[in-house]
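What you see is a predicted model; the values in this text were computed from it and never measured.
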Amino acid sequence: MVLLALGQLRRRPAAFAGLAVALLLLVATTTLFGSLFATQVTADQAVRATPVAGPGLMVIAGAFGEIAVLVAFFVVVNAIGFALRRQHRELALLRTIAATPRQVRRLVRVQILVTALAVAVPGALAGAYAARHFLAALRDRGMAAPDLRVPVTPLPALVAVAITLAVGLAATAVAVRRVSRIAPAAALTATATEQGRTGVPRLLAGVCALVGGGLLLRLAATRPPEEVDKAGQAALLGSLVLLVAVGLTGPLAARALVAVLGAPLRALLPGTGWLAEANLRGYARRLTSAVVPVALLVGLSATMMIMTRTAEHAAGPTDAASATDVWLRQAELAMLTCFAAVSTINTVIAVTGERRREFALLRLVGATRRQLLRMLTAEALLTTTVGVLLGAAVAALATAAFSTAATGSAMPSVPVVACGWIVAGAAALTVPGILGAGLRAIGGPAAETAGGGRD
């Protein structure tokens, strides 16, 4: 089993590149915040008792680490799903030659374990390096005692690797369920088809996530002004849960948005615009896979940015506590943006790259490369727009709840220019990623690719 897993990794390194980066980030961030825990625990009592600005080192490490693990799980599930889709045919062939679902799951688990262990050392080193710089920044701002130093111990890195393996295995259980349960005879044909309806269990899970996100936002909105930090954490968690709901109910929401946005596109581009809209509506799950990371990037970034501006206005520009809160939210925003950007790039490249046969068939019936690129451009613009709208809706709900707690008004302070840069960043990651992967996917002999000779 190990040799088979290593063979797949050597044969398809690109399929696991996004997963490796996501796991590397997870090891690095958990090592970082684990090192901060170790710093506080191993410090002398007198140093720990030193008064500091802000919530304290343990609270910062705990809050950041909690959000990092939740977002990482979201991103790793997505990355594993695409790694599986890239080797779906091989897994299907294993099922047809009597491989059991348990053996398929074991093979995938070994692949995840090997990938996680491969990034463990560089991730731990990066996390330890970042911990020293992050602690120095906290000391400079009075949020950590001047005499605190990061201890030289491998324990945070070992705990980080254990957390990463746990997240990877848990994400594997979610991602591998469909490919391991499908009947062997249907496994091969399933690679080129998509189920037309979203399953009832998925919809029920999406509704539960919507309710859970709403309850978290209600909790955030009812916090008193002196508990604005708790309101911020509840609002951020609520936005994450709502983004999970977007992923679960995405095929319905995305298909409806594409139906609305596709009308002007069809008018502007009668041929390629119609084909782009038909592709997105006909493959709603594939569309959702591309849309959700964009919504994650926009939703989390905009939520953090708007909450930061709202907190500044609520506390006043000269308030020292406001300055520390703003810096902490900016640091948290940078961390979350890294995860979301990795997920976005990995997803759009994987979604487009797996359409080689589809593009080859279109070329065989007369479509030119220029027409395919125009179609991909239209799809990229629609995908970005849908993702931005869904992310903006989540951010609007989360920041309204936070603003209610911080200012008493549901209307937050919106940094329009900064939010515009967030949208521009999402487009800069999505559109070139789709077009770049599309250029590579439409290359090569069309007949050979359509027949399965190229992958």
Check Val228 against Ala406 and note the closest heavy-atom contact, atom names and distance.
CG2-CB, 3.9 Å
Full working for side-chain contact (heavy atoms from CB on, under 4.5 Å) between Gln233 and Glu332
CA-CA 11 Å; Gln233 288 300 114; Glu332 196 169 17; 4.0 Å; yes
Please report the closest heavy-atom contact between Thr29 and Ala68, naming both atoms and the distance.
OG1-CB, 4.2 Å
Is the side chain of Arg109 donor-acceptor paired with the backbone N or O of Leu169 at a distance under 3.5 Å, no angle test?
no
Any Leu25 side-chain heavy atom under 4.5 Å of Met335 side chain
no
N/O donor-acceptor pairs under 3.5 Å from side chains in residues 153-167, not counting sequence neighbours:
{"residue": "Thr153", "atom": "OG1", "partner": "Leu155", "partner atom": "N", "Å": "3.2"}
{"residue": "Thr164", "atom": "OG1", "partner": "Ala160", "partner atom": "O", "Å": "2.8"}

Heavy atoms of Arg48 and Gln40 approach each other most closely as CD-O, 2.9 Å
Contact summary for Val414 and Cys419, nearest pair of heavy atoms:
CG1-SG, 4.0 Å
Give a yes or no answer on whether the side chain of Thr303 reaches the backbone of Ala398 with a donor-acceptor pair at less than 3.5 Å.
no
Between the main-chain N or O of Leu219 and the side-chain N or O of Thr222, is there a donor-acceptor pair closer than 3.5 Å?
yes
side-chain contact (heavy atoms from CB on, under 4.5 Å) between Leu296 and Val75, intermediate numbers included
CA-CA 9 Å; Leu296 178 70; Val75 173; 4.1 Å; yes
Kindly say whether Val47 contributes a backbone atom to a donor-acceptor pair with the side chain of Thr50 at under 3.5 angstrom?
yes
Trace of the side-chain contact (heavy atoms from CB on, under 4.5 Å) decision for Leu439 with Leu373:
CA-CA 7 Å; Leu439 278 171; Leu373 286 177; 3.6 Å; yes
Answer yes if the side chains of Thr399 and Ser403 hold a donor-acceptor pair under 3.5 Å, and no otherwise.
no
For Pro293 and Ala290, work out which heavy atoms get closest and say how close.
CD-O, 3.5 Å
Let me know which of Ile422, Thr344, Val292 forms a side chain to side chain contact (heavy atoms under 4.5 Å, CB included) with Leu297.
Thr344
Is there side-chain contact between Met304 and Leu236, with at least one heavy-atom pair below 4.5 Å?
yes
Rounded distance (nearest 0.5 Å) linking atom CD1 of Ile67 with atom CG of Leu240
5.5 Å
Does the side-chain contact (heavy atoms from CB on, under 4.5 Å) test come out yes or no for Trp327 and Leu138, once each step is laid out?
CA-CA 10 Å; Trp327 186 85; Leu138 292 175; 3.5 Å; yes
Distance from Leu117 atom CG to Ile112 atom CD1, nearest 0.5 Å?
11.0 Å
Leu257 and Leu390, any side-chain heavy atoms less than 4.5 Å apart
yes
Any side-chain to backbone donor/acceptor pair from Arg141 onto Ala137? Under 3.5 Å, distance only.
yes
Pairwise side-chain contact, Ile306 with Pro415, heavy-atom cut-off 4.5 Å (strictly under)
yes
Any non-hydrogen side-chain atom of Leu333 less than 4.5 Å from a side-chain atom of Met305?
yes
Which of parallel (below 30°), tilted (30 to 60°) and perpendicular (above 60°) describes Phe134 and Phe33?
perpendicular
For the atom pair CG (Leu243) and CG (Leu70), what is the distance rounded to the nearest 0.5 Å?
12.0 Å
Rounding to 0.5 Å, atoms CG (Asn346) and CG (Leu19) come to a distance of 8.0 Å
When rounded to the nearest 0.5 angstrom, what distance separates OG1 in Thr384 from CD1 in Ile434?
6.0 Å
Check Leu107, Leu113, Val114 against Gln111 for a side chain to side chain contact (heavy atoms under 4.5 Å, CB included) and give me the one that passes.
Leu107
So do Leu26 and Val119 actually touch side chain to side chain, heavy atoms under 4.5 Å?
no
Nearest 0.5 Å, please: how far is CG in Asp147 from CG in Asp44?
9.0 Å
Ala401 and Leu217: which non-hydrogen atoms are nearest, and at how many Å?
CB-O, 3.3 Å
Arg309 (side chain) donor-acceptor with Ser413 (main chain) under 3.5 angstrom:
no
Would you mind listing every side chain to side chain donor-acceptor pair (under 3.5 Å) that reaches into residues 127-138, with sequence neighbours excluded?
Tyr129-His133
Any pair counted as ring pair (Phe, Tyr, Trp, His ring centres under 6.0 Å), so long as it reaches residues 388-435, sequence neighbours left out:
none
Is it the case that the side chain of Ser301 and the backbone of Val298 share a donor-acceptor pair, with hydrogens and angles ignored and the cut-off at 3.5 Å?
no
Is the closest side-chain heavy-atom distance between Arg149 and Arg139 below 4.5 Å?
yes
Within-4.5 Å side-chain heavy-atom neighbours: Leu300 and Val394:
no
